[in-house]
Amino acid sequence: MKIENSIETFNSLVKRRGFIWGPSPEIYGGFAGFYSYGPAGMALKNNILELFRQECRYFGFGEVECPTIMPSIVWEASGHLERFIDPVMRCNKCNTLYRADKFLQENLPDLMIDGLSFEEMEKLINKHELTCPKCGNNFQKIEEYNLMLKTSVGNNVTAYLRPETATTTYLLFNRLDQDARRQYPIKIYQFGKAYRNEISPRQGVLRMRSFDQFELQMFISREQEMEFVDYEEVKLNKLPLLDWKMQEKGIDKTNLISLDKAIKDKILKKPAYAFCLYVAHYLIKVLSIPEELIRFRQHSLNERAHYADDAWDLEIKTRQFGWIEICGIHDRTDYDLRRHAEYSKQNFEISMGADPNIKEVPQVLEIAFGIDRIIYTLLETTFNVEEGRIILKLNPNLAPNTVAVFPLVRNKENIRKFALKIHRELLENRIGSFYDAAGSIGKRYRRQDELGTKWCITIDYESLDDNCITLRDRDSMEQIRINISNLSEIIKKKQRE
RNA sequence: GCGCUCGUAGUAUAGUGGUAAUAUGCUGGCUUCCCAAGUCAGCGUCCCGGGUUCAAUUCCCGGCGGGCGCACCA
C-alpha cells in the first residue's frame with residue numbers, strides 16, 4: 001500500500017488498525033448506517049468518555065441512564081412523532097421519492113401547506129394535476145416516512161427506539177427534582193445509543209442509524225438563565241462565533257469574541273446559554289482538537305429543531321467532509337417539560353428560588369455531543385504522514401495504548417523476559433501498556449505510530465547491566481535513557497503534562 | 001429513494017469466459033536488529049442470489065454494500 005498523505009491512506013488506516021469497521025455485519029454484505037468499533041476504536045472511545053465524565057463531574061453534572069425504547073406516548077409528548085414523520089410520495093413509474101409537503105410548497109407557493117392532512121395534500125395534487133417532474137407520471141398515495149425506528153413490545157404494543165437521549169432524561173424530571181433537593185440548576189447528563197432511520201445514510205460514522213450521544217442538560221429557572229454564577233467565571237473566554245446574520249450576509253469567517261461581548265451585542269441572549277457554549281468548547285479542547293478547526297455556527301430559524309428557541313452547532317473542520325456538526329447546543333426552553341407535564345398529567349411547576357410560593361416549569365439548556373463524530377474528527381485531524389511515516393498525533397491520554405514495550409531483539413531470552421517484566425509492572429501501575437516483539441524494532445515503532453501511542457520503551461543489551469531503558473517519543477522520535485526504578489512515575493507525570 | 005459508477009487476500013490495487021496476481025500485511029525461522037533492512041518457509045481473496053454457457057470472479061438480471069450528483073438530514 002502506498003503511503004501518502006491522502007484521505008485514502010487515512011481511510012484504510014481506520015480499518016487496518018481496528019478503529020472502525022463496517023457497515024456491519026460485513027460478512028453478510030453490510031447494513032447501511034451501522035458500524036462497529038474494533039479494539040483500538042473502542043479504547044479511544046472509552047478514553048474520551050473517561051475524560052468527559054471527569055470533566056462533567058468538575059462542572060457539577062451527574063449521570064443517568066435510561067432505556068433506549070420508550071412507548072409512543074413519550075414521543076407524542078416530545079413532539080417527535082409529529083415532527084419526525086414526513087409525508088412522502090413516490091412516482092408511479094420511476095419510483096422517485098419526494099417530500100410531499102415540500103413538493104407542494106414549491107409548486108404552490110401561495111398556499112399554506114404546513115399542517116395539511118395527507119388527504120388534503122392529495123386533493124391538492126389532483127386538483128392542480130401535479131405530476132412527477134422527472135418523468136411526468138402520477139404519484140402513488142402519500143405515505144409516511146418515519147425517522148424514528150418503530151418496534152413492538154410485549155403483546156404488540158407500539159414503541160420507538162429513542163432518536164435522542166435527551167427526552168429520556170427529561171422523563172426523570174420529578175425524580176431529579178427530589179434527588180437534587182431542589183438545588184437549581186440541576187445538571188444532568190446521559191450517554192447512550194440513539195437511533196434514527198435515515199433515508200440514505202452516508203459518510204460512514206458521521207450519519208449512522210445507531211449512534212452514541214452524550215447529552216448534558218441543565219434544568220434552570222428563568223432568573224438564573226439571566227444571572228448565572230458559573231457564567232461570571234467564564235465570561236471573558238473568547239469563542240469563534242458565526243451567527244446567522246453573518247451567514248445571511250455570506251460571511252463564513254468566525255468572529256472571535258468573548259461571551260461577555262456576545263451577550264452585550266445580543267448575539268447570545270442568555271448568560272446561562274453562553275455558559276453552555278463554553279462547556280461545549282471546553283470539552284472539545286480537552287481532547288486537544290486544534291483551535292483553528294473549531295467554530296460555533298448558529299442555526300437559522302428554519303434550521304432549528306421543533307423544541308429549540310436558539311441553537312448553535314459546535315463544528316469541526318474535516319478534510320473529507322468539510323465543517324461537520326459535533327455538538328448541538330440548544331435552548332429548549334420549557335417546551336419539553338411542559339409537554340411531558342401535559343401528557344403525563346404531572347405538575348412540573350416547582351419552586352426553584354428562595355420563595356417557595358413562586359413556581360415555574362424549569363427551562364432546559366442542552367449540550368448534545370455525537371460521540372462517533374468526535375472519534376472520526378479526532379482520527380482525521382490527528383492523522384499525519386511524515387516522510388512515509390503514518391502518525392496519529394492523538395492526545396497521549398486518548399491513545400489506545402499509553403506506552404508500548406519492546407525487547408530490542410526477541411531471540412535473546414533474557415532481554416525478552418526483562419521487557420515482559422517491565423510491561424507487567426506498567427500494567428500493575430494501571431498504565432495502558434502494550435507488548436510487542438514481532439518484526440524489526442523500526443517496524444514496531446511504526447505500528448505504534450499508526451495507533452497514536454505516544455511513548456515506546458525499548459529494552460536492549462545494556463538494559464541488562466544498567467537497568468535503564470530507552471524511551472522513544474512518537475512525534476520527535478527522540479530517545480532518552482531512563483532508569484526503570486521510577487518508570488511508572490515518569491510515564492504518569494508525562495501523561496499529566 | 002432516483003441517476004451515474006464501483007465491489008478481487010487484513011489493506012491498496014492488476015487481471016481473466018477455463019476458479020487468479022502484485023505490493024503491503026500477517027505467522028514461523030535465521031540474522032546482537034534503535035526507526036517499514038535482508039533472507040528462508042508459510043497464510044490468505046473474486047459481495048450475495050438467479051440466468052446464459054460444457055464452463056461465470058468475468059456476460060446478463062435482481063439484491064446488498066461503497067463513492068459521486070440530486071433528494072432527504074427532526
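Chain letters run A, B, ... following the sequence lines, proteins first, then strands; residues in each count from 1. Quantities reported herein were computed from a predicted structural model and do not represent experimental measurements.
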- Query: Would you say B:U31 has OP1 or OP2 under 4.0 Å from some side-chain N or O of A:Asn411?
  - Reply: yes
Donor-acceptor contacts, no H, no angles, side chain residues 321-331 of chain A, under 3.5 Å, sequence neighbours left out:
from: A:His330; atom 1: ND1; to: A:Glu366; atom 2: OE1; distance (Å): 2.8
from: A:Asp331; atom 1: OD1; to: A:Thr333; atom 2: N; distance (Å): 3.0
from: A:Asp331; atom 1: OD2; to: A:Lys270; atom 2: NZ; distance (Å): 2.7

- P atoms of B:U22 and B:C40, separation to the nearest Å: 15 Å
- Between A:Glu198 and A:Arg207, does at least one N-O distance fall below 4.0 Å, as a salt bridge requires? yes
- Query: Say you pick atom C1' in B:C47 and the same atom in B:C43; how far apart are they, in whole Å?
  - Reply: 22 Å
- Task: Determine, for A:Asp252 against A:Arg297, whether the closest basic-nitrogen to carboxylate-oxygen distance falls under 4.0 angstrom.
- Result: no
- Item | Donor on one side chain, acceptor on other, A:Arg16 and A:Asn11, under 3.5 Å | no
- Query: Using the C1' atom in both, what is the distance from B:U19 to B:A37, to the nearest Å?
  - Reply: 37 Å
- Message: Can you build the contact string for nucleotides 69-74 of chain B? Use B for base contact, S for sugar-phosphate-only contact, and - for no protein heavy atom under 4.0 Å.
- Response: BBBBBB
- Does any pair with a residue in residues 398-412 of chain A pass side-chain hydrogen bond (donor to acceptor under 3.5 Å, both in side chains), and if so which ones, sequence neighbours excluded? A:Asn401-A:Gln448
- Item | C1' gap between B:G29 and B:G66, integer Å | 41 Å
- Verify the distance criterion only: is there a donor paired with an acceptor across the side chains of A:Arg162 and A:Thr168 at less than 3.5 Å? yes
- Message: Given B:G65, B:U27, B:C34, identify the nucleotide with an atom nearest to the side chain of A:Pro23.
- Response: B:G65
- A:Phe211 ring centre to A:Arg196 NZ or CZ under 6.0 Å, with the angle to the axis within 45°? no
- Query: A:Leu408 side chain: which of B:C34, B:G65, B:A36 is closest?
  - Reply: B:C34
- Searching all strands shown, indicate the nucleotide that pairs with B:U13 (Watson-Crick or G-U wobble; both distances under 3.5 Å). B:A21
- Is it true that A:Glu489 and A:Lys494 make a salt bridge, defined as a side-chain N closer than 4.0 Å to a carboxylate O? no
- Task: Please state the C1' separation for the pair B:U24 and B:U32 - nearest whole angstrom.
- Result: 28 Å
Enumerate the protein-to-nucleotides 37-48 of chain B contacts in which both atoms are nitrogen or oxygen and the separation is below 3.5 Å.
from: B:A37; atom 1: OP2; to: A:Ser440; atom 2: OG; distance (Å): 3.0

- Rounded to whole angstrom units, what separation is found between the CZ atom of A:Phe321 and the P atom of B:G66? 12 Å
- Item | Pairing residues for A:Asp372 by the side chain to side chain donor-acceptor pair (under 3.5 Å) criterion, not counting sequence neighbours | A:Tyr37
- Item | C1' gap between B:U58 and B:U52, integer Å | 13 Å
- Please list residues of residues 461-481 of chain A whose heavy atoms come under 4.0 Å from any atom in RNA chain B, ordered by number; otherwise none. A:Tyr461, A:Thr470, A:Arg472, A:Met477, A:Gln479
